Amino acid sequence: MALPRSFLWSRRIFLTLLTGFVLVPVYVMVSSSLKPLADVTGRFRWLPSSLTIRPYIDIWSTVPLARYFVNSLIVAGAATVCSVVIAVFSAYAVSRYQFRGKRVFTVTVLSTQMFPGILFLLPLFLLYVNIGNATGIALFGSRGGLILTYLTFSLPFSIWMLIGYFDSVPRDLDEAALVDGCGPLGALFRIVVPAAIPGIVAVAVYAFMTAWGEVLFASVMTNDTTRTLAVGLQGYSTLNDVYWNQIMAASLVVSVPVVAGFLLLQRYLVAGLTAGAVK
């Protein structure tokens, strides 16, 4: 049955407006990053009068962007790996075994998602400072402390998501692996994990994006040497001036890893997020 022409035109108009709504800010960022500062701070022009790549060169010297970039990669990468590893073992135990406190554990994991992250800022700050004073382990102002902080956000969602995904993997596969001589860990890594790759990828992308773009905790829990990109971009704003063209250029540069990773893993991410939606 052919669709009405009015519906087709309405869909085209809506998609055109939606595309413009998404692409216009991107165009403004790209064009502003290629303008001299005087052109950016003056009257906005859709077609730049002059183009320059100087902002992309100056962003590395105005602030230590390379150091911030390395810090963000280390923190986001470590938080992602730890979140995936811990979530895989935790979700597998909940999905495949019966133990005392299982329901309490799952309810607790889900309930942590109801609280805003800012509620944990002061308790974590006091906890890290007291641990540092008592043991000498520097968690406040270190990458390790920031990684632990991000795990408190990504782990509950990761565990909850992988529990549902592991439940969708038939248990007959585990039993067949056990009959063939595999232990519980062998069944996990040879059978369950390969079948749950889309869900694991979705968890990894979520954990990485959460750590990569977080601002509040990174601004409190870091210092000049451990500062991440999300906080370091504030360095382009000084008391005397705001380097808008460099801010736009740096924002585009720091977005490349996330956008590239999302495009490469898009099909796994969609499959992982929609797993179990249709029976």
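Values reported hereafter were calculated over all heavy atoms of this structure, with side chains retained and with hydrogens, waters and symmetry mates removed. It should be emphasised that the depicted structure is a prediction, and the values quoted were computed from it without experimental measurement.
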Would you say that [X] contacts [Y] through its side chain, given a criterion of any heavy-atom pair below 4.5 Å between the two side chains?
{"X": "Met221", "Y": "Leu148", "answer": "no"}
{"X": "Phe217", "Y": "Thr152", "answer": "no"}
{"X": "Pro198", "Y": "Tyr165", "answer": "yes"}

- Query: Rounded to the nearest 0.5 Å, how far does OG1 of Thr210 lie from CZ of Phe153?
  - Reply: 9.0 Å
- Message: Rounded at 0.5 Å granularity, tell me how far OG1 in Thr226 sits from CZ in Arg143.
- Response: 7.5 Å
Short question: side chain of [X], backbone of [Y] - any donor-acceptor pair under 3.5 Å?
{"X": "Asn71", "Y": "Thr225", "result": "yes"}
{"X": "Ser32", "Y": "Met248", "result": "no"}
{"X": "Gln246", "Y": "Ala250", "result": "no"}

Looking only at heavy atoms, what is the nearest atom pair of [X] and [Y], with distance?
{"X": "Ala87", "Y": "Leu155", "result": "N-CD2, 4.1 Å"}
{"X": "Arg96", "Y": "Phe166", "result": "NH1-O, 3.0 Å"}
{"X": "Ile59", "Y": "Leu65", "result": "O-CB, 3.7 Å"}
{"X": "Tyr68", "Y": "Arg227", "result": "CD2-O, 3.3 Å"}
{"X": "Ser251", "Y": "Met29", "result": "CB-CE, 3.6 Å"}

Heavy atoms of other groups near [X] [atom1], more than 12 under 6.0 Å:
{"X": "Leu15", "atom1": "CG", "answer": "yes"}
{"X": "Arg100", "atom1": "CZ", "answer": "no"}
{"X": "Phe99", "atom1": "CZ", "answer": "yes"}
{"X": "Arg171", "atom1": "CZ", "answer": "yes"}

- Should the pair Trp212 and Phe208 be assigned to parallel (<30°), tilted (30 to 60°) or perpendicular (>60°) ring geometry?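 Parallel.
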- Query: So Trp46 and Tyr27, would you call those rings parallel, tilted or perpendicular, with 30° and 60° as cut-offs?
  - Reply: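 If you compare the ring of Trp46 with that of Tyr27, the planes turn out parallel.
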- Task: Scan Asp58, Ile57, Thr52, Ile53 and name whichever one has a side chain to side chain contact (heavy atoms under 4.5 Å, CB included) with Pro55.
- Result: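 The residue from Asp58, Ile57, Thr52, Ile53 that satisfies side chain to side chain contact (heavy atoms under 4.5 Å, CB included) with Pro55 turns out to be Thr52.
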- Item | Test item: side-chain donor near acceptor, Tyr206 and Ser154, under 3.5 Å |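 No, Ser154 and Tyr206 have no side-chain donor paired with an acceptor closer than 3.5 Å.
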